[in-house]
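Each chain gets a letter, A, B and so on, in the order its sequence line appears, and its residues count up from 1.
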2 protein chains.
Amino acid sequence: MASTIKDVAKMADVSISTVSRVINDSKPVSPEARRRVLHAIEVLDYKPNEVARSLVTKKSNLIGVIVNDIGNSYVSQVLRGVEEIGRMFNYDILLSSSYGDLEVEMKFANLFSQKQVEGIILISDILNERLMFKLDELKIPYVVINRFYTIDEAATVSINNKNATYKMTQSLIEAGHKKIGYVALRKDMDRTNETYKIKGYKEAMRQCNLKPHVIYSEGLDREDALEVMEDIVDDIKDQKYTALFCTQDILAIHLMNALFDQGIRVPEDISICGFGGTVLSEIVRPTLTTVKEPFYDIGAVAIRKLLKSVDSKEELKRDTVFLPVEILKRDSVKSL
Amino acid sequence: MASTIKDVAKMADVSISTVSRVINDSKPVSPEARRRVLHAIEVLDYKPNEVARSLVTKKSNLIGVIVNDIGNSYVSQVLRGVEEIGRMFNYDILLSSSYGDLEVEMKFANLFSQKQVEGIILISDILNERLMFKLDELKIPYVVINRFYTIDEAATVSINNKNATYKMTQSLIEAGHKKIGYVALRKDMDRTNETYKIKGYKEAMRQCNLKPHVIYSEGLDREDALEVMEDIVDDIKDQKYTALFCTQDILAIHLMNALFDQGIRVPEDISICGFGGTVLSEIVRPTLTTVKEPFYDIGAVAIRKLLKSVDSKEELKRDTVFLPVEILKRDSVKSL
DNA sequence: CTGTTAGCGCATTCAG
DNA sequence: CTGAATGCGCTAACAG
């Protein structure tokens, strides 16, 4: 059995209060007593039981993180930021994956609440309003991170999607492109951020008197990219497009591959760029020009925001913090 | 403030013992009393405080997971298995990343110990013997998952590396290849598993009277692959190799890219295969033939093993569980 | 500066 | 079947 505060007190021949005082440095203790306590702690290899401590202080130093799927690269990048900054402030991460199941997320909220987490970070692909409501009820502060939806009712950290596509489109235009198509995800059209992304793209185009052209893909898989390719291969050959801006890196990559199989070269015959800036984008050939979302920073800022509220006991400000994106100019886009 | 067992007791007009009994279903309670308690729980939306419960039962239902870097794809795949199975048994995951720092890992062990975790899973790239020693001292059961080292002194789950390369090499031979090179990582030569992998490769070659040829790469980056390419590009042109078996997917991919830039086509001019079976391997073109390590299963089996020991309070068996690998035959290898 | 005491929320004896 | 009492390990008044 591990030693307790009592054992230390007995060995140092002081009361447990004194031991507690030296551990927490909460009140003055005579040098002599402190020395004895420290010695006893050393000898007994005593370490305070955090569970007992939590019970009385009502501080668990635990942050719950509910993610969609930890296996997702973007999720794990965000989580990195959360974990690293959390640790800086002595918070531990309680992790759980919901795989998009709303009910499961509700269950996690309860579990976390019982474990007395001091706050929750939600890294989700869906919009779980019931969960947010429940968390409000439970009075657990939370920050939402969501790539696909803009959330107004909660504390959030995100990028400015419209501005991001605007900048990338502009960068394409500066490179001499005039016929730029935007490949959107059809099923994402009800996810607010895709509409913002399209807006940014269109705005940049119109501002230069260029005609925007949105192409729809049914999904992100190879087969979906294949369909897109079939739809537009003739247009490409007819030079109706000189550049294609895909809503996500993975789609851009699949599309590059599909095009390649048709003998269409990137960037010689057509330029392609993506959105996300995941590891994939720098490994494929040609390396993918893309919009880099600052995943790590998003996580880092989110937990900072959360902890600030937790530590100050002030209400969490329910606003969106926007982080800047970076345009990564690589090999898949050529200058005209 | 959340309601406590006292509130429930008061409302149901019973003692807290009775409430406790119905919550835990630990002792018979009269139907009438049970009804009243249940009702009070419902009304007050009472949920037991797990911290208090842990303090008395000495069961935290917490498993600590120390990982090298959660941002690493293989780590997150393993973690998926750990998390999902852990949850099945009502265990929560306490996560922390050490980024390979031995001292930091030691600190985590202490932190986790103070939080009363019931077991620890170590997903590391290094071999931290001091940590294992400390965990033994702390009497915290643990399972080690390590892709690079074979560990004898601890409970582990792994693949049979020698057998894995043996099988892949054999598969290459069956496809008609006779001149097969193995690209190893020089800096991994002191990591036991690389030597096992080389052994498996050599054994398969020799068994067919073929001459093994190990090529060394200094690292896994693009530049390293470039160097390897430069070293062997003439040999490839001279048909000294028909296939190259790379010790990791990422190296295989970089090598394919480097070769491509020299006008050497995969698999037309040379076949390439990797090891790992990470997502990358199915996205590159040509898709990479590779040895798929069962990351999810490794995590799942590891936590099963751990929890079995925790729940039964029996000593954890310090052995290695070997999981089967799968040879993924894809487009980067052609039959001769 | 220090020890005594109460109590955090709960499970678990031990009497009834 | 039930309630009163005890204590898990610790912090925080409170009184000295």
Side-chain angles (χ1 to χ4, degrees), chain A residues 1-38 40-41 44-62 90 110-118 138, chain B residues 1-38 40-41 44-62 90 110-118 138:
Chain A
M1 210 52 226
S3 50
T4 75
I5 198 171
K6 265 190 193 162
D7 303 324
V8 176
K10 196 171 295 172
M11 180 162 186
D13 198 31
V14 295
S15 73
I16 60 168
S17 328
T18 302
V19 177
S20 175
R21 278 165 196 141
V22 347
I23 295 170
N24 300 303
D25 208 19
S26 49
K27 290 214 173 174
V29 172
S30 73
E32 169 57 14
R34 156 166 281 115
R35 205 193 50 68
R36 290 211 310 274
V37 169
L38 258 17
I41 287 178
L44 296 172
D45 192 32
Y46 167 74
K47 304 205 187 50
N49 179 328
E50 285 297 334
V51 172
R53 192 178 259 182
S54 291
L55 183 59
V56 33
T57 60
K58 283 156 178 10
K59 282 219 63 158
S60 65
N61 277 63
L62 242 37
N90 265 311
N110 278 328
L111 280 175
F112 281 175
S113 154
Q114 293 186 235
K115 296 244 183 201
Q116 314 299 115
V117 300
E118 299 184 37
L138 255 24
Chain B
M1 210 51 222
S3 49
T4 75
I5 199 171
K6 266 190 195 164
D7 304 322
V8 176
K10 198 171 293 172
M11 179 162 187
D13 199 31
V14 294
S15 72
I16 61 167
S17 326
T18 303
V19 177
S20 175
R21 279 163 196 143
V22 349
I23 294 170
N24 300 302
D25 210 17
S26 51
K27 288 212 174 172
V29 172
S30 73
E32 170 56 14
R34 156 166 280 116
R35 205 191 50 70
R36 290 211 309 275
V37 169
L38 257 17
I41 287 178
L44 296 172
D45 192 33
Y46 167 74
K47 303 201 190 53
N49 179 328
E50 286 296 335
V51 172
R53 191 178 260 182
S54 291
L55 182 58
V56 34
T57 60
K58 283 153 177 14
K59 281 218 64 165
S60 65
N61 277 66
L62 241 39
N90 265 312
N110 279 328
L111 280 176
F112 282 174
S113 155
Q114 293 187 234
K115 296 245 182 205
Q116 315 298 117
V117 301
E118 300 185 34
L138 255 24

From Lys58(A) atom NZ to Glu118(A) atom CD, the distance as rounded to the nearest 0.5 Å: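 That separation rounds to 11.5 Å.
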Evaluation steps, side chain to side chain contact (heavy atoms under 4.5 Å, CB included), between Val29(B) and Lys27(B): CA-CA 6 Å; Val29(B) 172; Lys27(B) 288 212 174 172; 5.7 Å; no
So which nucleotide from [options] ends up closest to the side chain of [X]?
X        : options                  : value
Val56(B) : dA11(C), dC10(D), dC1(C) : dA11(C)
Arg21(B) : dG3(D), dA11(C), dT2(C)  : dG3(D)
Ile16(B) : dG3(C), dG3(D), dA11(C)  : dA11(C)
Ser15(A) : dT2(D), dC10(C), dT4(C)  : dT4(C)

Could you check whether [X] gets within reach of a base, just the sugar-phosphate, or nothing at all, counting any heavy atom under 4.0 Å?
X        : result
Ile23(A) : nothing
Val29(B) : sugar-phosphate
Val14(B) : sugar-phosphate

Estimated bend of the helix from dC1(C)-dG16(D) to dG16(C)-dC1(D) (axis per five terminal pairs, rounded to 10 degrees):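 Comparing the first five pairs with the last five, the axes sit 50° apart.
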Arg53(A) vs dT11(D): side-chain N/O to OP1/OP2 distance below 4.0 Å: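 So the side chain of Arg53(A) is within the cut-off, an N or O lying under 4.0 Å from OP1 or OP2 of dT11(D).
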Phosphate OP1/OP2 of dG9(C): any Lys58(A) side-chain N/O under 4.0 Å: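 The answer is yes; a side-chain N or O of Lys58(A) sits under 4.0 Å from OP1 or OP2.
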Distance, rounded to the nearest Å, where Lys27(A) contributes NZ and dA15(D) contributes C1':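 Atom-to-atom, Lys27(A) to dA15(D), this comes out as 11 Å.
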Ignoring hydrogens and angles, write down the donor-acceptor pairs under 3.5 Å from the side chains of residues 2-11 of chain B, residues two or more places apart or on other chains.
from: Ser3(B); atom 1: OG; to: Leu44(B); atom 2: O; distance (Å): 3.3
from: Thr4(B); atom 1: OG1; to: Lys6(B); atom 2: N; distance (Å): 3.1
from: Asp7(B); atom 1: OD2; to: Thr4(B); atom 2: N; distance (Å): 2.7

Any donor-acceptor N/O pair under 3.5 Å between dA4(D) base and Ser17(B) side chain: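 Pair found.
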